[in-house]
Every structure is written in structure tokens, then in C-alpha cells.
Number of protein chains: 2
Amino acid sequence: MVERGKAASMFQGEFTNNMDEKGRVNIPAPFRDALQKSYNEGTLIVARDAQSPCLRAYPLREWNRLLAKLGAMPANDRVVLAFKRAVVSSALEYQPDKQGRILIPQTLRNHAGILKSTVFAGLNDTFEIWDALAWEKQLASSLALLQDQDLSF
Amino acid sequence: MVERGKAASMFQGEFTNNMDEKGRVNIPAPFRDALQKSYNEGTLIVARDAQSPCLRAYPLREWNRLLAKLGAMPANDRVVLAFKRAVVSSALEYQPDKQGRILIPQTLRNHAGILKSTVFAGLNDTFEIWDALAWEKQLASSLALLQDQDLSF
DNA sequence: GCGGTTAGTGGGTAAAAGTGGGTAATTTAG
DNA sequence: CTAAATTACCCACTTTTACCCACTAACCGC
């Protein structure tokens with residue numbers, strides 16, 4: 001079993017790719033496969049994450065579920081409005097090119113502080129896109145948080 | 001390599017294998033057998049352990065149970081998110097083949113501090129993967145902890 | 001111990017993933 | 001409406017990984 005490990009049915013695994021000078025990054029092949037296999041789509045929504053300095057990528061189906069939930073909430077609630085402004089307004093729809101890359105605009109890059117080395121982290125039904133350095137830091141603090149936890153799973 | 005036992009029904013025993021320069025390590029044969037016999041699968045998920053500097057390997061069935069539990073919890077809970085970022089994002093799926101090896105990427109190697117000599121420790125329904133030196137230390141402290149304990153089993 | 005058999009290790013080579021860059025098409029600005 | 005800028009698309013190159021083979025070491029029955 002000399003394989004690197006394909007990401008399973010959904011988004012799993014951590015991959016680092018470089019953004020080139022044009023602002024393009026390669027979506028890791030396992031994630032592209034997962035999109036096809038589990039969702040039968042090629043479409044990807046990328047938007048600001050609401051609570052962390054990273055981007056979040058959704059298969060169309062997951063994105064629509066999120067929108068549906070939002071729609072069911074009072075439209076002028078302060079939090080809902082803030083979420084729409086921060087997240088929904090930033091959402092872009094991608095169809096990765098033949099090389100599997102997407103072009104991330106400057107505004108989104110800024111939010112995640114992405115310079116060049118970019119981490120893709122699978123969280124099962126979505127995946128996150130981080131600047132490599134920022135990812136390392138948050139990973140360390142995630143592990144620290146878990147350390148004191150009485151995990152029931 | 002340490003002693004080779006008979007294939008136990010589940011994951012049991014401690015085995016030491018060497019990682020080669022390409023980053024490949026052999027999964028001990030008894031564990032591969034156990035996967036087949038007890039789970040009727042060939043699929044193995046390897047991920048960071050949440051609380052110790054080691055990796056944890058799950059049969060697909062066990063991994064899915066974990067994901068199911070996770071899915072039932074509030075997705076934005078801090079601990080749940082941290083767990084997803086630390087563990088789920090690191091999960092890789094491996095399909096056994098003739099040689100029985102897996103390629104462990106650098107990020108996972110780092111988390112477990114694996115250099116070359118690698119210990120596989122069976123914990124019944126999962127098994128752990130340690131750097132040999134780290135394993136010895138944790139073993140000593142596990143035994144020390146048990147020393148003062150009033151064991152009810 | 002002795003040979004047969006299975007587990008573990010090392011390495012070469014197709015193939016696939018990732019990267020860089022040029023040109024055509026599209027959009028934006030003047 | 002035209003020119004500049006941006007984006008999409010395509011091709012070629014580099015690096016990494018998967019797969020295969022062969023070799024060595026350990027185990028098992030005799």
C-alpha cells in the first residue's frame with residue numbers, strides 16, 4: 001500500500017499548494033475527486049469564513065443548505081445581516097480549469113492573508129483555505145484547546 | 001522488528017517497523033489481517049491523534065462512527081471545530097495492496113515526531129503509530145500512572 | 001539447525017499532480 | 001468604440017506519487 005492516501009468520500013486531509021503570480025492555486029486533486037464522487041458536481045463556492053481568517057469552500061449543495069437556513073431567519077436581524085454582508089457578499093462560484101486551479105481575487109486573499117504557500121484543510125463537508133503560516137498557528141492552538149478537553153468521541 | 005504474534009481478532013500487540021527515505025512504512029501484517037477478519041475491509045484511515053503526539057489508524061467503520069458523532073454536534077462549537085481542524089483535516093484514506101505499506105506525509109510525521117523507527121500499538125478497535133523513542137517515554141509514564149491507581153478491572 | 005514461506009525493505013519507472021507561462025477572449029475604463 | 005487590463009484557456013515542463021519487481025530478514029514446521 002504505497003499510496004499517499006486518497007482523501008476519502010468527503011473532504012479530508014491537509015494539502016499545501018503554491019499560489020502563482022497570477023493568483024491561481026491548484027485545488028488538491030482529492031478534493032476535486034470528492035466533489036465529483038460525493039456531490040456529482042464540478043461547482044465550488046468559495047467565500048470568507050465568518051469567524052476565522054480563512055476562506056471556506058462549499059459544494060453547491062452545502063452552500064444552498066446554508067442559504068436556506070439563512071432565508072428562514074429574520075432578514076433584518078443584526079447578526080443575519082452581518083453574516084450576509086461578510087460572507088454571502090463575498091461568495092464566488094468556481095468551475096476549476098483543466099489544470100484544477102481557481103483564481104482567488106485580492107479581497108478574498110486579504111481576508112485569509114494568503115501570500116503564496118496555501119493550505120487546504122478538509123473538514124468533511126466543506127474545506128478551508130489558509131495561508132500556510134496562519135494555518136500552522138491555528139493548528140497549534142486547536143491542539144492546545146483539545147489538550148484540556150474531555151473528549152466524548 | 002519486535003516479536004510477531006498470531007493475528008489477533010482485533011488490533012493487539014506492539015510492532016516496530018522502519019520508515020524508508022520515501023516516507024513509507026509497512027503496516028504490520030497482523031493488523032492488516034485483523035482489518036480483513038474483523039471488519040471485512042481493506043480500508044484504513046490514518047489521522048492525527050487529538051491529545052497525544054501520535055497518529056491513530058481507524059478501520060473505515062470506526063472512522064465513520066466518529067464522523068457520525070461529530071456530525072450530531074453543533075458544527076460551530078469551538079471544541080468540535082478544533083477537532084475537525086486538527087483531526088479530520090489530517091485524515092487520509094489508505095487502500096492496502098501487496099506490499100502493505102503506506103506513505104505518511106510530512107505534516108503527519110511532524111505531529112508524531114516520526115523519524116525512522118516507528119511503533120505500531122494495537123488498542124483493540126484502533127491502533128496508534130508512534131516514533132519509537134516517543135513511544136518508550138509514554139509507555140514509561142503510562143506505567144507510572146497505573147502504579148498509584150486502584151484498578152477496578 | 002534447515003529449508004520453505006511470509007513479512008519487511010529498497011529502488012526503478014510510468015503516471016499523475018502541480019507549476020509556469022504564452023496567447024486568445026473577455027471585461028473594464030477612457 | 002477603442003485600448004488597456006484582466007481573466008480564461010491551452011500547452012509544456014517539473015516534481016511527486018503509485019505501482020511493480022526483486023532482494024533480505026524473520027518465522028515456522030520439521
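Chain letters run A, B, ... following the sequence lines, proteins first, then strands; residues in each count from 1.
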With [X], which residues qualify under side chain to side chain contact (heavy atoms under 4.5 Å, CB included), at least two apart?
X        : answer
B:Glu62  : B:Tyr39, B:Tyr58, B:Pro59, B:Arg65, B:Asp125
A:Asn124 : A:Met10, A:Gln12, B:Leu67, B:Val88
B:Leu145 : B:Gln149
B:Pro74  : B:Asp77

Quick test: give all pairs of protein nitrogen or oxygen and nucleotides 7-10 of chain D nitrogen or oxygen below 3.5 Å, distance rounded to 0.1 Å.
unit_1, atom_1, unit_2, atom_2, d
D:dC9, N4, A:Arg24, NH1, 3.1
D:dC10, N4, A:Gln99, NE2, 2.7
D:dC10, N4, A:Arg101, NH2, 3.4

### Rounded distance in Å - CZ (B:Arg32) to P (C:dA7)
7 Å

### Task
Applying salt bridge (Lys or Arg N to Asp or Glu O under 4.0 Å), name anything that partners A:Asp131, two or more places apart in sequence or on another chain.
none

### Task
Would you please name every residue forming a salt bridge (Lys or Arg N to Asp or Glu O under 4.0 Å) with A:Arg24, sequence neighbours left out?
A:Asp20

### Message
Listing request: all ring-ring contact (aromatic ring centres under 6.0 Å, His included) pairs with a residue in residues 120-153 of chain B, at least two apart in sequence or in separate chains.
### Response
B:Phe11-B:Phe127, B:Phe31-B:Phe127, B:Trp130-B:Trp135

#### Entry: Any A:Asn26 side-chain nitrogen or oxygen under 4.0 Å from OP1 or OP2 of C:dT19
no

### Query
Contact class for A:Asp20 (heavy atom, under 4.0 Å): base, sugar-phosphate, or nothing?
sugar-phosphate

### Query
Which is true for A:Ile102 with a 4.0 Å heavy-atom rule: it touches a base, it touches only sugar-phosphate, or it touches nothing?
nothing

### Query
Using the C1' atoms of five pairs at each end, what's the angle between the two axes of the helix from C:dG1-D:dC30 to C:dG30-D:dC1, to 10 degrees?
40°

### Message
Is any side-chain heavy atom of A:Ile27 closer than 4.5 Å to one of A:Ile102?
### Response
yes

### Query
What pairs meet the side chain to side chain donor-acceptor pair (under 3.5 Å) rule with one or both residues in residues 105-122 of chain B, with sequence neighbours excluded?
B:Gln106-B:Arg109, B:Gln106-B:Asn110

### Query
Pairs in or reaching into residues 79-90 of chain B: which pass side chain to side chain donor-acceptor pair (under 3.5 Å), with residues at least two apart or in two chains?
A:Ser52-B:Arg85, A:Glu128-B:Arg85

### Query
What parts of residues 126-134 of chain A reach DNA chain D, counting only heavy atoms under 4.0 Å away?
none

